[in-house]
Amino acid sequence: MAKTKFQALRGTRDILSPDSERHRALVDVFAEEARLAGYGHIMSPIFEELGVFQRLGDSTDVVSKEMYAFEDRDGSMIALRPELTASVVRAFVQHNPAALPWKAWYEGPQFRHEKPQAGRYRQFSQVGIEVLGSDDPHIDVEVVALGWRFYQALGMSQVSLLLNSLGDASCRPAYHAALETYLRDHFDDLSEQSQATLEKNPLRVLDSKRREDAGIIAGAPLMVDHLSAETAEHFAAVRAGLEALGIPYEISPRLVRGLDYYTRTTFEFASTALDNAQNAVGGGGRYDGLAESLGGKPTPGIGFALGVDRILLACDAEEAFPAPRTAPDVFVVDLTGGAEAILLTDILRRAGIAADRGFDGRSMKAQMKVADRSGAPWAVIVGEDEVANATVTLRDMHGESGQTSVARDALAATLNTRLHPEN
RNA sequence: GUGGCUGUAGCUCAGUCCGGUAGAGCGCCGCGUUGUGGUCGCGGUGGUCGCGGGUUCAAAUCCCGUCAGUCACCCCA
């Protein structure tokens, strides 16, 4: 019979130790930044009604061709979340919190059916925040700054912040028309793909990376030159806040972003340490119309999502945020056949000491080798002599203190003192 | 989704052009005499050469398909 060897599906992968510990540590750093800034944690479902995500815009690839959508058993259409903003806004509308602004942070996997590449997976992880119920530009500043400080907390230095304003209902339509007129005037000079994009969403033509489009895009009218007085003032306040914090940014007038719901402030964090096309390590912006489109009261909102997988790639590239060490505190080498180690590791673990041990009745030499490889700073050796005396031999694996005999009853206390001399 | 490149031991890779029956380093296991790791020495384990089909006396090597990775576009985190 045929032997089927399974493997993780395309675009998905197993994250094994110590990379998984690193991933968790990154989320811990983010959680702390969010806590310090007054954000509560939200855990929303991984799948939702398809309609929740269709509000992101029909012209976006995320909705039109990358969604994992399928029919549930009762015939209703559901989808694996391709992003989290829509889910969080849906939760906001559903629970209708009274105290505004409402601030939430999240982390977790998301799903998009794309052709995978390094830093681009079908199941990928993001951390992010959303704030609903205020359009105070100081919120924009807080949100962008939180992202910036997070990268700093990870030890990253090669991150640049790109900032733009996409205008709002008071000025975007006029700009949109001006841009479309301009692009249509140069229609024949645009690349074939940009011609198609123009039909769907002229704004996104500005995002084209094809060389043949560069000249035309360079001459295109810019949103920042068409902002209404109010929107321009809002944008100025955001910039002033970032400057007050000393956070460097670059105005990127052609920064569009892929989701249709963005208004006014939009931004992207790009790693300059990554030289591939997947150098965006985070992005976000304001979405003042999204809550209403999901059935809620008109409520302004802003947030960002940062790609965990890409951030870790960028960290690799600039040698930041290494995987945490996962070594146990102590490794038990048992020469009696292994039964003693059962008791000793239990005693140690209950005392809060991370203890691993040898198995399979291996030779002392072999067990010492495993102990060394484990990285444990201490080894506990127990053989017939020790059992007879109710002692164990405590060996310093790295330092100079050598070996000492310790009463078995005093082992946990002795080790705790050695591991935490300051206490 | 479109196009290019790649796929050989756990890992990094050589061998592929010019078909002839699989290699290195690292890792892993064991030994270097009485219960001691990290260095060193010796020995060993380990691959249906991604998978399937075809050509051939013979295929890791040529051809086709397929899966996966990767790069660019697209898109985006």
Side-chain angles (χ1 to χ4, degrees), chain A residues 2-13 16 56 59-66 82-85 107-128 147 191-194 196-197 200-201 204-205 207-213 255-259 268-271 274-284 304-314 331 333-336 358 360 362-387 392-399 402-403:
Chain A
K3 234 186 328 186
T4 307
K5 197 172 177 184
F6 293 106
Q7 62 179 319
L9 287 170
R10 173 169 230 201
T12 71
R13 69 231 167 97
L16 306 178
L56 304 179
S59 75
T60 66
D61 283 5
V62 168
V63 170
S64 63
K65 47 189 196 196
E66 296 175 0
E83 60 122 47
L84 262 153
T85 301
E107 59 86 21
Q110 285 137 84
F111 308 85
R112 293 180 197 170
H113 190 103
E114 293 189 279
K115 186 156 174 175
Q117 253 174 266
R120 193 167 84 178
Y121 307 100
R122 290 184 173 179
Q123 174 174 337
F124 60 101
S125 265
Q126 290 184 331
V127 294
S191 67
E192 213 171 299
Q193 273 165 318
S194 286
T197 305
K200 289 191 295 185
N201 186 340
R204 204 161 300 119
V205 174
D207 227 7
S208 166
K209 287 173 193 155
R210 284 172 298 276
R211 195 164 298 164
E212 59 265 44
D213 294 329
L255 177 67
V256 172
R257 311 213 28 86
L259 300 164
E268 189 166 294
F269 298 102
S271 168
L274 293 177
D275 55 4
N276 58 17
Q278 275 73 242
N279 67 347
V281 292
F304 65 60
L306 316 180
V308 174
D309 314 274
R310 282 189 193 176
I311 290 170
L312 290 175
L313 282 178
F331 193 97
V333 172
D334 184 339
L335 308 177
T336 71
D360 299 316
R362 293 231 260 160
S363 71
M364 178 170 194
K365 186 185 177 79
Q367 290 190 62
M368 286 301 296
K369 226 171 158 173
V370 178
D372 182 46
R373 214 160 41 218
S374 79
W378 297 94
V380 163
I381 299 164
V382 56
E384 283 175 29
D385 295 350
E386 286 84 352
V387 171
V392 296
T393 298
L394 187 57
R395 179 177 175 80
D396 183 346
M397 295 296 280
H398 302 318
Q403 299 189 175

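Chain naming here is simple, since letters A, B, ... match the order of the sequence lines and numbering starts at 1 in each.
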Identify whether the distance between the nearest side-chain nitrogen and carboxylate oxygen of A:Arg210 and A:Asp213 falls below 4.0 Å.
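Counted as a salt bridge, because a side-chain N and a carboxylate O are separated by less than 4.0 Å.
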
What I want to check is whether an N or O donor and acceptor connect the side chain of A:Gln367 with the base of B:rU36 at under 3.5 Å.
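Check fails, no donor-acceptor contact within cut-off.
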
Any donor-acceptor pair, under 3.5 Å, between the side chain of A:Glu114 and the base of B:rA77, if you only look at N and O atoms?
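Answer is yes: a donor-acceptor pair is held.
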
In this structure, how many angstroms lie between the [atom2] atom of [N] and the [atom1] atom of [X], rounded?
{"X": "A:Arg362", "N": "B:rC28", "atom1": "CZ", "atom2": "C1'", "result": "9 Å"}
{"X": "A:Leu9", "N": "B:rG69", "atom1": "CG", "atom2": "P", "result": "10 Å"}
{"X": "A:Leu335", "N": "B:rU36", "atom1": "CG", "atom2": "C1'", "result": "9 Å"}
{"X": "A:Lys115", "N": "B:rG1", "atom1": "NZ", "atom2": "P", "result": "7 Å"}
{"X": "A:Lys369", "N": "B:rC29", "atom1": "NZ", "atom2": "C1'", "result": "8 Å"}

Residue-phosphate contact under 4.0 Å: [X] side-chain N/O, [N] OP1/OP2:
{"X": "A:Arg210", "N": "B:rC74", "answer": "yes"}
{"X": "A:Arg13", "N": "B:rG69", "answer": "no"}
{"X": "A:Thr393", "N": "B:rU36", "answer": "no"}
{"X": "A:Arg120", "N": "B:rC76", "answer": "no"}
{"X": "A:Gln7", "N": "B:rC67", "answer": "no"}
{"X": "A:Arg112", "N": "B:rC76", "answer": "no"}
{"X": "A:Arg373", "N": "B:rC28", "answer": "yes"}

For a side-chain hydrogen bond (donor to acceptor under 3.5 Å, both in side chains) with A:Asp309, tell me which candidate from A:Arg120, A:Arg13, A:Gln123, A:Gln278 qualifies.
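Option passing the side-chain hydrogen bond (donor to acceptor under 3.5 Å, both in side chains) with A:Asp309: A:Arg13.
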
Side chain A:Gln126, main chain A:Phe124, donor-acceptor under 3.5 Å:
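Not confirmed, A:Gln126 side chain does not pair with A:Phe124 backbone.
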
Determine which nucleotide pairs with B:rG1, using a 3.5 Å limit on both distances of a Watson-Crick or G-U wobble pair.
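Paired with B:rG1, as far as the under-3.5 Å criterion goes, is B:rC73.
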
Just to be sure I understand the rule, does [X] reach a base, reach only the sugar-phosphate, or reach nothing, if contact means heavy atoms closer than 4.0 Å?
{"X": "A:Ala305", "value": "sugar-phosphate"}
{"X": "A:Gly147", "value": "nothing"}
{"X": "A:Gly128", "value": "nothing"}

Closest nucleotide of RNA chain B for A:Ala118 versus for A:Ala8: which of these residues is on the 5' side?
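Residue closer to the 5' terminus by nearest nucleotide: A:Ala8.
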
More than 12 non-hydrogen atoms from neighbouring residues, nucleotides or ligands closer than 6.0 Å to CD on A:Glu212, yes or no?
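Count over threshold, so yes.
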
